[in-house]
Amino acid sequence: MNTKTIAVLTSGGDAPGMNAAIRAVVRTALADGLRVLGIRRGYNGLLNGDVIDMNLRSVSDIIHHGGTMLYTARSPEFNTPAGVKKAANMCRNLGIDGVVVIGGDGSFRGARDLTGEGIPCVGVPGTIDNDIACTEYTIGYDTAMNTAMEMVDRLRDTTESHDRCSVVEVMGRRCGDLALNTGIAVGATTILVPEVEFDFERDVVNRMRSTQRTGKRHFIIVVAEGVGGVSELSAKIQDETGIESRATILGHVQRGGSPTMRDRVLGSLMGNHAANLLKEGIGNRVVAIRANKVVDFDITEALNQKRVFDEERYRIAHKISI
Ligand code: ADP
């Protein structure tokens, strides 16, 4: 296939570093003599023909900004066979030969379906949750971890002053990676993740009590979004231990902010790789990073891969926080 025009969109939840990926797609494709279109607001924008021509300067001054210059959305209309067909026709009308889809696994299912309708798509993993099995890191995850760490450091100050317990919920949907690494970085007494079953008495109360016996007077409990229920948990801790406890849900602050160097570099390398694949007419792939190398997988194969939670790291985290 002779690729002349490619398009790029961001879809699903935004993540810091998406702009670096957009920039790399645009600049790589332009350098190779392709025309590049930016599709705004994800698959919705594709259905509505909301596209802009991208030139070298369209992506200037965005690498250090969080969010996505192309905006993002969730599109129920696209998530139907008729919607995918309509989007494929729109691509043909606009002369789009391939699309880079930056988003999470929902967005990749859309990319797979659109490829099935004759428009080659390449997925780039952009989500703070790190919940995509085929890649060791997703764009935005590193920034979100650093933000969560900073926020919990702030909580620690006030928790310490009052001899309290802080029960903090961090994001990650069904994935506990963000909670695990944040928990290690802040020295949490206990980390609760959806991948590992926990017992309230054994893993929360008894751990708090045994550290209390050796002189600890304030406690941080990090809870993954996929476990949730931090208000109830905090109340239960206070009832059971008598230690004043406060619940905090960090929420969307974790999605924003200037991307870390790691996310900027990862976004840049992945965006470059995706544009290279489409230039060769190769679609139905997901870009990933494995052992510090940028690689790609068949989308269906990638979607079928099972995430493996690092239980060894989880054990280490608890061993050194007691
Ligand atoms: P994320 O990409 O962050 O996982 P979502 O799951 O919300 O976010 O997916 C983003 C968009 O991708 C949806 O609004 C929808 O348009 C499309 N999408 C999600 N799941 C599918 C699917 N199974 N088939 C086709 N398109 C899908």
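Both counts, for ligands and for their atoms, begin at 1 and track the order of listing.
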Within a 6.0 Å radius of atom CG on N93, are there more than 12 heavy atoms belonging to other residues, nucleotides or ligands? yes

For ligand 1, which is the ligand I care about here, please tell me if A73 has any N or O atom under 3.5 Å from one of the ligand's N or O atoms. no

Tell me which protein heavy atom sits closest to atom 11 (C) of ligand 1, plus the residue, atom name and distance to 0.1 Å. S11 OG, 3.7 Å

Where ligand 1 meets G13 - atom numbers and elements under 4.0 angstrom, heavy-atom basis: 3 (O)

Nearest protein heavy atom with distance in Å, relative to atom 7 (O) of ligand 1: R74 NE, 2.4 Å

Any heavy atom of T127 closer to ligand 1 than 4.0 angstrom? no

For atom 8 (O) of ligand 1, which protein heavy atom lies nearest, and how many Å away is it? G12 CA, 3.5 Å

For atom 23 (N) of ligand 1, what's the nearest protein heavy atom and its distance? R109 CD, 3.4 Å

For atom 13 (C) of ligand 1, what is the nearest protein heavy atom, given as residue, atom name and distance? S75 N, 3.9 Å

If you draw the axis of the six-membered ring of Y71, does the NZ or CZ of R40 fall within 45° of it and under 6.0 Å from the ring centre? no

Taking T159 for its side chain and S166 for its backbone only, find out whether a donor-acceptor pair lies under 3.5 Å. no

Is a donor on one side and an acceptor on the other found under 3.5 Å between the side chain of D105 and the backbone of F108? no

shortest atom 26 (N) of ligand 1-to-protein heavy-atom contact is with G110 CA, 3.3 Å

Atom 6 (O) of ligand 1 - nearest protein heavy atom and its distance: G106 CA, 3.4 Å

Donor-acceptor check, side chain of D97 to backbone of K4, threshold 3.5 angstrom: yes or no? yes

Q238 side-chain N/O to S245 backbone N/O, donor-acceptor pair under 3.5 Å: yes

Could you tell me if R285 sits above the aromatic ring of F297, with its cationic atom closer than 6.0 Å to the ring centre and no more than 45 degrees from the axis? no

Who's the nearest protein heavy-atom neighbour of atom 22 (C) of ligand 1, and how far? N79 OD1, 3.2 Å

For the residue pair D177 and F309, establish whether any side-chain heavy-atom pair is separated by less than 4.5 Å. yes

Between E77 and ligand 1, which part of the residue brings a heavy atom under 4.0 Å of the ligand: side chain, backbone, both or neither? neither

Relative to the heavy atoms of R173, which atoms of ligand 1 are at a distance of less than 4.0 Å? 1 (P), 3 (O), 4 (O)

Proximity to ligand 1 by part of D113, non-hydrogen separation under 4.0 Å: side chain

With D129, the salt bridge (charged side-chain N to carboxylate O under 4.0 Å, His left out) member among R307, R174, R173, R255: R173

Only heavy atoms of F78, strictly under 4.0 Å: list the atoms of ligand 1 that pass. 16 (O), 26 (N)

Polar-atom distance check: G104 versus ligand 1, any N or O pair below 3.5 Å? yes

Between D199 and R202, does the salt bridge (Lys or Arg N to Asp or Glu O under 4.0 Å) criterion hold? Intermediate values first, please. CA-CA 5 Å; D199 177 84; R202 183 193 64 203; 5.0 Å; no

